[in-house]
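This report refers to the structure that appears directly beneath it.
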Amino acid sequence: MLTLHDTATGQVVPLRPRQAGKIGLYVCGPTVDGVPHLGHGRFSLVFDVLRRYLLFSGLEVTYVSNITDIEDKIIERAADRGVPIEEFTASNEALWWEIMDALGVLRPDETPHATAYVDRMVDLIRDLVERGVAYETATGVYLSVLDVPGYGLLARQPLDSLRAGARIEADEEKRSPLDFVLWKKAKPGEPSWDAPWGAGRPGWHTECVVMALDLLGEGFELHGGGQDLIFPHHENERAQAVADGKEFARHWMHNGWVTVGGEKMSKSLGNFTSLADLLERSDARAYRVLVLRSHYRSPIEVTPDTIAQAEAGLARLDELARRFDLSDLLADGPLTGPSSQDGELDSDAVAAFVAAMDSDLDTPGALATVFDLARRANAAADAGDDDGAARAARTAALLAGALGLRLGADGAAEVDDAAAGLVAARDDARASKDWARADALRDELEAAGWLVEDSAEGTRIRRR
RNA sequence: GGCGGCGUGGCCGAGUGGUUUAGGCAGGGGCCUGCAAAGCCCCGUACGGCGGUUCGAUUCCGCCCGCCGCCUCCA
């Protein structure tokens with residue numbers, strides 16, 4: 001049974017499905033105001049792994065992740081570039097999905113867009129005003145957080161200390177500095193929708209409540225995102241649901257930062273690396289390995305060195321896939337638990353994997369079982385125990401796949417004629433024990449970017 | 001100031017009141033190999049500091065030091 005750290009209580013507790021076997025999962029997606037960076041990649045990978053594991057555990061999962069396509073920065077940047085907002089957000093979103101695909105992140109079941117939900121947001125805001133917990137000012141409509149029972153639950157701080165740090169808003173009409181905007185009245189030239197309070201646009205915190213409740217229903221199982229969303233974003237989402245008399249998420253899960261030189265990577269610090277840059281210079285799977293190697297709540301440091309370490313580990317697993325015929329397991333990660341079609345598996349290792357994952361998603365522990373299986377598979381094969389080797393190797397590939405890691409025998413393809421000629425020549429040289437010539441030919445192949453290995457069948461090469 | 005997290009062997013990174021090692025990378029030795037590569041075997045005896053509880057603490061408690069974050073848009 002999967003247990004997870006719940007931000008609301010600070011405890012690691014079992015998930016409590018409304019209905020046995022079904023999980024509704026809402027994860028705050030990106031604001032499409034620019035290029036996706038490492039931080040986006042981390043949350044995407046963390047929740048992709050969670051989702052895959054829920055499926056692996058035999059649960060039925062509905063995964064919803066939104067696209068915020070209307071927001072202040074979007075308006076600003078689109079204007080700076082002189083392009084229509086829709087065009088700006090559409091191109092950023094296209095890039096987003098392109099990169100998610102490259103990272104092997106499964107598409108959400110639903111990807112609601114804020115702009116498609118404005119009417120429903122207006123409905124919610126109207127409701128909150130009628131209930132007397134929201135009020136209108138010259139600049140917009142605000143939620144009165146002091147009227148919300150339990151406000152501060154996620155922040156886990158007394159209201160006073162939150163208030164002490166609250167920014168002085170331009171709007172002096174706000175009843176409490178913590179009150180946040182539900183509806184922003186449009187200034188001239190800004191995009192807007194009609195509403196009872198005048199043309200305007202919804203505040204950021206409103207979209208996720210409406211979309212989550214619409215697509216997953218009241219009291220859905222799990223709501224997640226990066227730790228920086230805990231307060232105020234998630235706090236405020238919850239506040240609106242509570243103020244509207246609805247049960248919101250039962251469980252809250254938040255992933256840790258990507259750090260650079262020990263500091264949080266963030267848009268405001270400007271110290272971020274785009275995912276496109278990362279993917280250009282490393283194996284797309286390396287970042288997933290990096291994310292898996294640490295616990296989801298710990299910070300991770302992404303540097304050329306840590307990426308290289310991840311790639312080295314990956315090479316070891318790829319070597320395993322090359323040594324054993326695992327093609328039927330390599331196509332796609334399993335999206336269900338192990339089945340009889342997977343052949344004989346190492347049930348102890350599967351149990352260890354499950355125990356690790358069930359324990360607040362201990363992916364480093366889960367990965368360790370995969371590497372352990374790899375070693376055992378190789379050792380068994382070296383010892384002539386083919387059955388044991390196959391069992392361990394198949395289990396390793398299956399479990400890696402469950403984490404979304406596709407082991408590859410890539411690089412074997414597309415041996416060009418020139419390289420093939422060198423390989424043949426080298427095999428001849430080796431057959432006649434002309435070692436000097438054989439070594440020279442190996443150097444030539446390596447200079448051409450090939451990795452050279454001898455085997456019983458002769459010289460084998462693959463791309464580095 | 002308030003609240004929270006972290007500090008493990010060369011590096012990354014789990015975990016636990018004591019008997020059997022997390023795992024990976026790098027490094028050393030060995031096996032295999034014409035030489036390599038890959039693979040396998042062996043090795044380094046780590047847990048920020050000071051006290052306390054305990055038969056025994058890296059693991060519990062207290063204090064201290066250091067680092068990071070939230071309290072403002074941010075994954």
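Each chain gets a letter, A, B and so on, in the order its sequence line appears, and its residues count up from 1.
- For the OP1/OP2 pair of B:G39 and a distance below 4.0 Å, the side-chain nitrogens and oxygens of A:R316 include at least one atom meeting the criterion.
- Toward the 5' end of RNA chain B, the nearer of the two residues A:P299 and A:F371, judged by each one's closest nucleotide, is A:P299.
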When the side chains of residues 430-437 of chain A are checked against the rest of the protein, which donor-acceptor pairs come out under 3.5 Å, sequence neighbours left out?
from: A:S432; atom 1: OG; to: A:D428; atom 2: O; distance (Å): 3.1
from: A:S432; atom 1: OG; to: A:A429; atom 2: O; distance (Å): 3.2
from: A:D434; atom 1: OD1; to: A:R437; atom 2: N; distance (Å): 3.3

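- Taking only side-chain nitrogens and oxygens, A:N255 never comes nearer than 4.0 Å to OP1 or OP2 of B:A75.
- A close approach under 4.0 Å does not occur between any side-chain nitrogen or oxygen of A:R430 and OP1 or OP2 of B:A36.
- Look at the P atom in both B:C31 and B:A37: the space between them is 14 Å, to the nearest Å.
- Checking B:G34, B:A75, B:G24 against the side-chain heavy atoms of A:L229 singles out B:A75 as nearest.
- Salt bridge status for A:R77 with A:D80: absent, with no side-chain N to carboxylate O gap under 4.0 Å.
- The gap from the P atom of B:G48 to that of B:U58 amounts to 9 Å, rounded to the nearest Å.
- Counting any heavy atom pair closer than 4.0 Å across all strands shown, A:V258 reaches a base atom.
- At whole-Å resolution of the value, CG in A:L317 and P in B:A38 are 15 Å apart.
- Distances were taken from every side-chain heavy atom of A:H295 (C-beta onward) to each of B:C25, B:A14, B:G39; the shortest belongs to B:A14.
- Out of B:G23, B:G34, B:C40, the shortest distance to the side chain of A:R375 is found at B:C40.
- Using modelled atom types, one finds no donor on one side chain facing an acceptor on the other under 3.5 Å when comparing A:S144 with A:R175.
- Remark: C1' of B:G23 and CZ of A:F353 are 14 Å apart, rounded to the nearest angstrom.
- Between A:D427 atom CG and B:G34 atom P the separation is 14 Å, expressed in whole Å.
- Going from atom CG of A:L314 over to atom C1' of B:A38 covers 16 Å, rounded to whole Å.
- One interatomic measurement links the two molecules: CG of A:D372 to P of B:A14, which rounds to 18 Å at whole-angstrom precision.
- If A:R293 and A:T369 are placed on RNA chain B by their nearest nucleotide, the residue sitting closer to the 5' end is A:R293.
- Checking B:G39, B:A36, B:A75 against the side-chain heavy atoms of A:F43 singles out B:A75 as nearest.
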I would like to know whether A:D109 and A:R51 meet salt bridge (charged side-chain N to carboxylate O under 4.0 Å, His left out); could you show each step before the answer?
CA-CA 11 Å; A:D109 296 306; A:R51 176 194 192 178; 3.3 Å; yes
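- Atom C1' of B:C41 sits at a distance of 46 Å from the matching atom of B:G4, rounded to the whole Å.
- If you check B:A75, B:G23, B:A36 against the side chain of A:R442, the one that comes closest is B:A36.
- Comparing the C1' positions of B:U59 and B:U54 gives an interatomic distance of 13 Å, to the nearest angstrom.
- Taking atom C1' on both B:C67 and B:U72, the two are 23 Å apart, rounded to the nearest angstrom.
- Proximity note for A:P232 (side chain, C-beta onward) versus B:U72, B:A75, B:C40: the nearest is B:U72.
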Parsed dot-bracket for RNA chain B after applying the Watson-Crick and G-U rules with both distances under 3.5 Å and | for other-strand partners is (((((((..(((.....[....))).(((((.......)))))....(((((..]....))))))))))))....
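- Separating the CZ atom of A:R297 from the P atom of B:G7 is a distance of 12 Å, rounded to the nearest angstrom.
- Between A:E446 atom CD and B:C35 atom P the separation is 17 Å, expressed in whole Å.
- Counting only heavy atoms from C-beta on, A:D439 has its side chain closest to B:C35 among B:G39, B:C35, B:G24.
- Side-chain proximity of A:F231 to the nucleotides B:C40, B:G23, B:C70 is greatest for B:C70.
- At a threshold of 4.0 angstrom between heavy atoms, the contacts of A:G256 include nucleobase atoms, whether or not backbone atoms are also involved.
- Straight-line distance between the C1' atoms of B:C12 and B:G17: roughly 27 Å, to the nearest whole Å.
- Taking the side chain of A:E453 as heavy atoms from C-beta on, and the options B:A75, B:A37, B:C35, the nearest nucleotide is B:A37.
- A:F248 has its ring centre less than 6.0 Å from the ring centre of A:F220.
- A:H223 pairs with exactly one of A:E237, A:M253, A:H254 by the side-chain contact (heavy atoms from CB on, under 4.5 Å) rule, that one being A:E237.
- Taking 4.0 Å as the cut-off between side-chain N and carboxylate O, A:D346 and A:R394 do not count as a salt-bridged pair.
- With sequence neighbours left out, A:E444 forms a side-chain hydrogen bond (donor to acceptor under 3.5 Å, both in side chains) with no residue at all.
- For A:R437 against B:G34, no side-chain N or O and base N or O form a donor-acceptor pair under 3.5 Å.
- You'll find that the side chain of A:A368 is closest to B:G23, out of B:C25, B:G23, B:C70.
- Residue A:S298 places at least one side-chain N or O closer than 4.0 Å to OP1 or OP2 of B:A14.
- Salt-bridge check for A:R316 with A:E319: failed, with every basic side-chain N at 4.0 Å or more from each acidic carboxylate O.
- B:G7 and B:C47: their P atoms are spaced 14 Å apart (whole Å).
- Nucleotides B:C70 and B:G56 place their P atoms 43 Å apart, quoted to the nearest Å.
- Side-chain atoms of A:D228 and base atoms of B:G69 include no donor and acceptor less than 3.5 Å apart.
- The pair A:R391-A:D387 fails the salt-bridge criterion, with no side-chain N (NZ, NE, NH1 or NH2) lying under 4.0 Å from an Asp/Glu carboxylate O.
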